[in-house]
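The block underneath contains the structure these notes are about, expressed in structure tokens.
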Amino acid sequence: MARIQPLSGFPEWLPEQELLQQRVIRHLSTWFERHGFQALTTRAVEPLSVLASKGADTDKEIYVLRRLHATDEDGDSGLALHFDLTVPFARYVSERRGDLFFPWKRYQIQKVWRGERPQQGRYREFLQCDIDVIGEQTLSLRYDGEVVRMLRDALATLPIPPVVLLVNNRKLLEGLYRGLGIEDIISVLRAVDKRNKIGDKGVAPLLSELGLADDAVSTILKAAAIEDSDPDVVEAAVRALGVSHPLIDEGLAELREVLEMSGADNVRAALHIARGLDYYTGTVVEGMMVGHEHIGSIASGGRYENLAGSMGGGPQLPGVGVSIGLTRILGYLYGAKLLINQRRSPCQVMVLLPSEDDRAACENIAQTLRSRGIATEVYHRKAGWGKQMKHASRLGIRYAWFPGNDEKSHEIKDLIAGEQADVDLATWMPSSDDTLPLILDGEELSWQGLR
RNA sequence: GUGGGUGUAGCUCAGCUGGUUAGAGCACUGGAUUGUGAUUCCAGGGGUCGCGGGUUCAAGUCCCGUUAUCCACCCCA
């Protein structure tokens, strides 16, 4: 019990893993800003009433704050850690409405907390990277497409396996189910959403338990099987079901627009996707890593008509957004050793230290390189050059710098190539392909990321 | 919260039906290599066997409890 060990569900990475995560975060921030999204950070806690306010379900596992010295009469503080970034964002918007310009595009990269039992890919503390667009009164459907397209493009630039995005529309599903005379839409959605995991054979009995007739069950399953990136194919398949309802037409039209804007093979309509089950009202999207579907979705999002507005009255504030589950992605890839960062140190150059008397000269070399943006450190003590280079090599630092002086020129050794050459301190630059040396799925990869 | 599996070195694990001083590989430190890394060879350090109780002449090994962790359900990034 006195043993120090990791806390389940609260991941902490090794330095090389953290280094890569930081680069990914920086990359995504730059990417989002390049598309006009503005950064937002919200506090870690929200009043419980805010977290519980959206929709009816309060079965989310929420961590509540309580002072150590609180008495039983005091109870808890009424504050809790946020379990996603969308709800705090909506609260922020309804609070600062007057100071913001709409439509507002914001991104937010922060930790969130959920009290669920940890499992593979399921954490209690994890990072989400969100982008959302929120409008006043109305928000063009165009943003649904833009957000989905950005999600696809952002994921494609990360050093992770290829991702496929599955898109659906809640109006379409609701129309189908209402057209079949079903009242309990949520329960049907919940059952259908499990299709990927338990298959049609697993879903069918769940639907029958809800009291649905066999032909309704079979129509629902037929609809859930529809999956294609071509909107015409999807529409034809839906029409062939022979169900009619105004929401079906509306949903199909919206789905078509999203597909046409973000259209690509790796973005597909998939009618079994339900997502969230709480605040989404139209477009829903879910991303999976191809070949690694068993870990579940690594990104998801959708359209919500009035999340913020419901918090403070006033006009409607419809939004659409997506979230990338960075911890789930990296935790899985690191754990399975599918992604390895071979550099532990952020440094590119290690200046070797010939003797204590040379320390000042070595620091000067380092400062010169740093002033040109080259991350550099000086070896910490006098030691044999073999030992110094071994240390550099183990940290993944590519270049070892042999300090020169008036008689002797500086030399640099490329520890990957094994080559050593005279260099000029005033002009030397590292190779442009000296990026993060990664191994992804057994393949060597040099990933730069945006700056 | 419910059900099942597992806790031995920093990591991955071995340890037969209880029996001397608990082992291996990797990693780490030093040396061969007196100022040129990764290979090789040699040597070395490191363990309350998760914790508590019980059975026994004797417990890492058997029993009970507890705790942590993993998996499934639930739910989701």
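Below, chain A is the first sequence line, B the second, and so on; all start at residue 1.
- When the P atom of B/rA77 is taken as reference, atom CD of A/Gln108 falls 15 Å away, rounded to whole Å.
- Heavy-atom nearest nucleotides on RNA chain B were determined for A/Gln120 and for A/Ser297, and the one closer to the 5' end corresponds to A/Gln120.
- Atom CD of A/Glu356 sits in a crowded spot, with more than 12 heavy atoms from other residues, nucleotides or ligands closer than 6.0 Å.
- A centroid separation of 6.0 Å or more is found between the aromatic rings of A/Trp428 and A/His410.
- Taking atom P on both B/rU61 and B/rU6, the two are 15 Å apart, rounded to the nearest angstrom.
- No engagement by A/Thr327 is indicated, since no non-hydrogen atom pair under 4.0 Å with the nucleic acid exists.
- Residue A/Ile186 contributes atom CD1, which lies 12 Å from atom P of B/rC75 at whole-angstrom precision.
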Between the protein and nucleotides 38-46 of chain B, list every N/O to N/O distance that falls short of 3.5 Å.
{"unit_1": "B/rA38", "atom_1": "N1", "unit_2": "A/Leu415", "atom_2": "O", "d": "3.1"}

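- Ring geometry for A/Tyr280 against A/Tyr304 counts as tilted: the plane angle lies between 30° and 60°, on a 0 to 90° scale.
- Under a 4.0 Å N-O distance rule, the pair A/Asp228/A/Arg268 does not qualify as a salt bridge.
- Going from the C1' atom of B/rA9 to that of B/rA27 covers 11 Å, rounded to whole Å.
- Annotation: A/Phe32 is in aromatic contact with A/Tyr107 [ring centroid separation under 6.0 Å].
- For the segment residues 145-164 of chain A, no residue has any heavy atom less than 4.0 angstrom from an atom of RNA chain B.
- A stem is defined here as three or more consecutive Watson-Crick or G-U pairs, each with both distances under 3.5 Å; for RNA chain B these stems are B:1-7 with B:67-73, B:10-13 with B:23-26, B:28-32 with B:40-44, B:50-54 with B:62-66.
- B/rU67 sits 15 Å from B/rC51 when the P atoms are compared, rounded to a whole Å.
- The shortest side-chain heavy-atom distance between A/Leu51 and A/Leu81 does not fall under the 4.5 Å cut-off.
- With respect to the salt-bridge test (charged N to carboxylate O, under 4.0 angstrom), the residues A/Glu146 and A/Arg149 do not qualify.
- Residue A/Arg344 qualifies as open at atom CZ: its count of foreign heavy atoms under 6.0 Å is 12 or below.
- Among the heavy atoms of the strands lying under 4.0 Å from A/Ala299 are primed sugar atoms or P, OP1, OP2 only; no base atom is included.
- Spacing between B/rU36 and B/rA43 at atom C1', rounded to whole Å, works out to 24 Å.
- For the P atoms, the distance from B/rC49 to B/rU34 is 42 Å, rounded to whole Å.
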Practice item. Apply side chain to side chain donor-acceptor pair (under 3.5 Å) to the pair A/Tyr177 and A/Glu183, showing each step before the final yes or no. Key: CA-CA 8 Å; A/Tyr177 302 158; A/Glu183 302 279 313; over 6 Å; no
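- A distance cut-off of 5.5 Å between ring centres, combined with a plane angle under 30°, places A/Phe126 in a stacking arrangement with the base of B/rA77.
- For A/Tyr334, the ring pair (Phe, Tyr, Trp, His ring centres under 6.0 Å) criterion is met by A/Trp13, not counting sequence neighbours.
- Residue A/Gly287 is out of contact with every strand shown, counting any heavy-atom pair closer than 4.0 Å.
- Residues that satisfy the side-chain hydrogen bond (donor to acceptor under 3.5 Å, both in side chains) test with A/Glu116, not counting sequence neighbours, are absent from this structure.
- One finds no side-chain N or O of A/Lys197 lying less than 4.0 angstrom from the OP1 or OP2 phosphate oxygen of B/rA72.
- For the pair A/Phe10 CZ and B/rA77 P, the interatomic distance rounds to 18 Å; values are reported in whole Å.
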Less than 3.5 Å apart, which donor and acceptor atoms pair up between the side chains of residues 321-333 of chain A and the rest of the protein, not counting sequence neighbours?
{"unit_1": "A/Ser323", "atom_1": "OG", "unit_2": "A/Asp130", "atom_2": "OD1", "d": "2.7"}
{"unit_1": "A/Thr327", "atom_1": "OG1", "unit_2": "A/Leu127", "atom_2": "N", "d": "2.6"}
{"unit_1": "A/Arg328", "atom_1": "NE", "unit_2": "A/Gly121", "atom_2": "O", "d": "2.7"}
{"unit_1": "A/Arg328", "atom_1": "NH1", "unit_2": "A/Ser297", "atom_2": "O", "d": "2.8"}
{"unit_1": "A/Arg328", "atom_1": "NH2", "unit_2": "A/Gly121", "atom_2": "O", "d": "3.0"}
{"unit_1": "A/Tyr332", "atom_1": "OH", "unit_2": "A/His292", "atom_2": "ND1", "d": "2.7"}

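- In terms of polar N and O atoms assigned as donor or acceptor, the side chain of A/Gln388 never comes within less than 3.5 Å of the base of B/rU36 in a complementary pairing.
- A salt bridge is absent between A/Arg114 and A/Glu61; no separation between the charged side-chain nitrogens and carboxylate oxygens falls under 4.0 Å.
- One atom, CD of A/Gln119, and another, C1' of B/rC75, lie 10 Å apart when rounded to the nearest Å.
- Remark: A/Arg394 CZ to A/Gln342 CD distance equals 15.5 Å, nearest 0.5 Å.
- Using C1' as the reference atom, B/rG46 and B/rA22 are 14 Å apart when rounded to the nearest Å.
- Heavy-atom minimum distance, A/Gln110 versus A/Leu40: OE1-O, 4.1 Å.
- The closest donor-acceptor contact from the side chain of A/Arg23 to the backbone of A/Gly449 lies at 3.5 Å or more, if one exists at all.
- Rounded to whole Å, atom P of B/rU67 lies 15 Å from atom CG of A/Leu7.
- Protein atom CG of A/Leu14 is 11 Å distant from nucleotide atom C1' of B/rG10, rounded to whole Å.
- Between A/Arg394 and A/His391, the residue anchored nearer the 5' end of RNA chain B, judged by the nucleotide with its closest heavy atom, is A/Arg394.
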List every contact pair, protein side and nucleotides 1-6 of chain B side both N or O, where the distance is under 3.5 Å.
{"unit_1": "B/rU2", "atom_1": "O4", "unit_2": "A/Arg117", "atom_2": "NH1", "d": "2.7"}

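- At a non-hydrogen distance threshold of 4.0 Å, A/Pro354 from residues 351-362 of chain A come into contact with RNA chain B.
- Residues of residues 33-40 of chain A having a heavy atom closer than 4.0 Å to RNA chain B: none are found.
- With sequence neighbours excluded, the residues that form a salt bridge (Lys or Arg N to Asp or Glu O under 4.0 Å) with A/Arg178 are A/Glu174.
- Here B/rC75 presents its P atom at 12 Å from CD of A/Glu61, a figure rounded to the nearest Å.
- Backbone-only engagement by A/Ser8 is indicated by non-hydrogen atom pairs under 4.0 Å involving sugar-phosphate atoms exclusively.
- At B/rG30, one or more side-chain N or O atoms of A/Lys387 fall inside 4.0 Å of OP1 or OP2 (strictly under the cut-off).
- The pair A/Lys171-A/Glu254 meets the salt-bridge criterion, since a charged nitrogen lies less than 4.0 angstrom from a carboxylate oxygen.
- Looking at residues two or more places apart in sequence or on another chain, you find no side-chain hydrogen bond (donor to acceptor under 3.5 Å, both in side chains) involving A/Ser208.
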Point to revise | Test log, rule side chain to side chain donor-acceptor pair (under 3.5 Å), inputs A/Gln22 and A/Glu18 | key: CA-CA 6 Å; A/Gln22 294 296 336; A/Glu18 185 68 28; 2.7 Å; yes
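- In this entry the distance linking CG of A/Asp193 with C1' of B/rC76 reads 10 Å, nearest Å.
- Checked against side chain to side chain contact (heavy atoms under 4.5 Å, CB included), A/Pro205 has no partners two or more places apart in sequence or in another chain.
- Look at the P atom in both B/rG15 and B/rG50: the space between them is 15 Å, to the nearest Å.
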